[in-house]
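Residues take their numbers from the sequence shown, with the count starting at 1.
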Amino acid sequence: MKIARKDMILHTVQNHNILPITSKCDTACVFCSHKSNPKGLDVYRLPKLSLDDINEMIEFLSPDRKIIIGESATRIIEGEPFIRKDILDILKNIRKQFNKEVIEITTNGIYITEEMVEKLKKLEPLEINISLNSGTKAGRRKLLNDRHPNGAMEAVKLFNKYDINYHGSIVAMPMIVGYDDIYKTIKYLDDNKCKTIRVFVPGFSSLSDIDFDFYDLRNELDQYINDIKDKINAPILLEPPIIKELKPIIYGVIKGSKADIYGIKENDIIERVNGKKQLTRVDCFNQILKGKDPVIEIKRGNDKFKLNIEKEKNESIGIIMLYDISLEIKRKVENIINKNHSKKPLLLVSELSEEIMGMLFKDINIKIEVVKNNFFKGTIKSAGLLVVDDFIKKINEIKKQLTPDLIILPSKPFDHREMDLVGDSLYDIGEKVFII
């Protein structure tokens with residue numbers, strides 16, 4: 001595995017507001033993607049970064065959005081932030097420069113202590129994402145090979161005790177731990193006042209020996225969540241979600257949040273924000289998040305009413321929506337088609353986005369075709385893991401039936417150099433291609 005260069009690290013900071021601090025992780029999760037990755041991936045580990053190195057990177061962060069630690073949006077592998085003994089010094093230095101911005105930290109919770117949580121409390125506003133995965137000792141041993149399972153489980157209690165804003169997540173592996181373990185984990189997080197709980201459908205390359213049908217498991221988990229959600233206070237979200245229509249429907253409301261206080265409820269439909277009609281969940285959520293004191297028009301059954309929500313810019317009001325798509329994607333596609341006077345445009349999409357893209361482009365004359373993850377195979381379905389050869393194979397198949405005059409691809413498979421995960425260029429496709 002390659003070592004990330006300084007320019008790559010700074011690109012991550014500047015473009016994603018992610019502060020990379022370590023690639024180290026000392027768990028051995030059975031669902032870790034790195035165990036079954038095919039050879040030849042163009043991915044990177046961070047070099048050993050000093051506190052001075054990190055302080056230099058902090059200068060490139062933006063005050064206009066959340067500052068993120070422990071998540072990856074690039075080819076740089078992110079590890080466990082709290083494995084660094086100077087993590088509190090890093091957070092203090094961020095807070096010195098950005099005194100109001102939310103710092104979002106993703107952690108497995110293993111290294112969290114009460115002394116640390118006491119100090120974290122003084123650095124608010126924070127948003128902690130704890131990847132708990134199992135709230136039982138037996139489950140943690142099976143899923144994470146966790147020899148000290150009380151650590152992460154105690155962290156959850158500490159976040160609750162000190163009223164730290166935190167969210168929980170589970171990579172659902174019922175084939176290994178069973179649904180009883182999943183329920184106990186969800187209940188454990190909920191009993192400890194977790195704000196939201198995300199349940200992830202796992203995905204593995206064909207090199208993994210964990211065998212299941214992705215769509216069967218996703219449907220099974222979706223049904224399971226629907227069956228138990230009335231017993232749980234926190235909203236439970238399945239990722240990737242199953243979305244049947246583009247409409248700003250409230251999926252859930254965080255207890256005690258502004259949305260809860262103002263009386264917003266599950267299944268409410270937000271029709272307008274500041275008088276502007278809302279057509280997708282993504283656009284609606286962002287309009288509310290980014291605005292100050294938005295006026296929201298809500299439809300509830302046959303009733304309609306307005307709410308003037310008092311809030312600051314970039315302050316969450318606590319509504320939960322399933323992630324669909326932004327209309328900006330549609331506008332980009334229309335602009336590309338019009339500029340190129342295309343009569344036979346082709347849009348290539350991933351398996352997971354096929355249905356949503358079909359809904360978004362239902363009134364546009366464009367051919368939509370699914371590209372499968374032939375490089376990774378297995379249960380991998382996402383756009384971000386497609387490679388150039390996957391696109392070439394699909395284009396060659398399509399050309400047997402039609403000849404598009406314009407090809408549009410998703411941007412997620414490509415980095416800022418327009419290279420895919422194996423280092424091949426977008427332009428190796430050899431066609432007139434655009435990315436959105």
Side-chain angles (χ1 to χ4, degrees), residues 1-2 23-45 71-72 75-80 106 108-110 131-149 152 168-186 198-225 238-242 350-352 370-390 393 412-413 420-423:
M1 194 175 294
K2 302 174 184 177
S23 292
K24 291 183 179 180
C25 179
D26 63 354
T27 55
C29 303
V30 298
F31 47 79
C32 179
S33 63
H34 304 304
K35 291 181 178 180
S36 63
N37 275 341
K39 291 181 180 179
L41 290 185
D42 198 20
V43 294
Y44 300 83
R45 294 186 67 84
E71 290 284 347
S72 179
R75 307 289 162 78
I76 299 174
I77 292 173
E78 292 290 341
E80 168 52 47
T106 296
N108 60 30
I110 291 174
S131 304
L132 188 63
N133 298 305
S134 177
T136 73
K137 292 180 182 179
R140 293 188 65 77
R141 290 191 186 101
K142 289 179 181 177
L143 291 178
L144 296 91
N145 194 27
D146 189 354
R147 292 169 291 178
H148 306 286
S169 68
I170 300 165
V171 177
M173 303 288 287
M175 69 289 286
I176 293 177
V177 296
Y179 277 98
D180 183 57
D181 190 90
I182 291 173
Y183 180 76
K184 286 178 178 177
T185 305
I186 290 172
R198 293 182 296 167
V199 178
F200 290 93
V201 185
F204 300 95
S205 79
S206 58
L207 298 179
S208 170
D209 57 4
I210 300 175
D211 186 35
F212 62 94
D213 183 278
F214 178 89
Y215 295 109
D216 285 349
L217 180 58
R218 186 167 73 151
N219 290 333
E220 198 175 277
L221 287 167
D222 184 60
Q223 183 60 55
Y224 182 74
I225 289 169
L238 178 66
E239 296 192 17
I242 298 173
S350 69
E351 286 188 62
L352 289 179
V370 173
V371 181
K372 296 198 173 184
N373 298 76
N374 292 302
F375 177 74
F376 283 92
K377 298 181 182 176
T379 51
I380 301 296
K381 311 291 180 184
S382 62
L385 297 180
L386 290 168
V387 299
V388 165
D389 278 350
D390 292 333
K393 182 177 180 180
K412 285 185 178 180
D420 71 6
L421 270 168
V422 296

Any chance CG of Asp213 has more than 12 other-residue heavy atoms, nucleotides or ligands included, within less than 6.0 Å?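 Counting neighbours around CG of Asp213, more than 12 heavy atoms of other residues, nucleotides or ligands fall under 6.0 Å, so yes.
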Test item: Asn219 side-chain N/O and Tyr215 main-chain N/O as donor-acceptor pair under 3.5 Å: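 At least one qualifying donor-acceptor pair exists.
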Taking all non-hydrogen atoms of both residues, which atom of [X] and which atom of [Y] are closest, and how far apart?
X	Y	value
Phe204	Val30	CE2-O, 3.7 Å
Ile182	Ala172	CD1-CB, 4.1 Å
Cys25	Thr27	SG-OG1, 3.1 Å
Leu386	Val371	CD2-O, 3.6 Å
Leu421	Gly384	CD1-O, 3.7 Å
Lys2	Asp42	NZ-OD1, 2.8 Å

Glu71 side chain near Glu78 side chain, heavy-atom distance below 4.5 Å: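 Not touching, per the 4.5 Å side-chain cut-off.
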For a 4.5 angstrom cut-off between non-hydrogen side-chain atoms, does Arg218 reach Leu352?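 They are in side-chain contact.
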Mind checking whether Tyr224 and Tyr179 have parallel, tilted or perpendicular rings, split at 30° and 60°?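 The arrangement is tilted - the two ring planes meet at 30° to 60°.
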Could you tell me the separation between the CD1 atom of Ile380 and the CG atom of Asp390, rounded to the nearest 0.5 Å?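 It comes to 11.5 Å.
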side-chain contact (heavy atoms from CB on, under 4.5 Å) partner of Arg140, the single match among Val177, Asn145, Leu132, Thr185: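 Of all the options given, the one that passes is Leu132.
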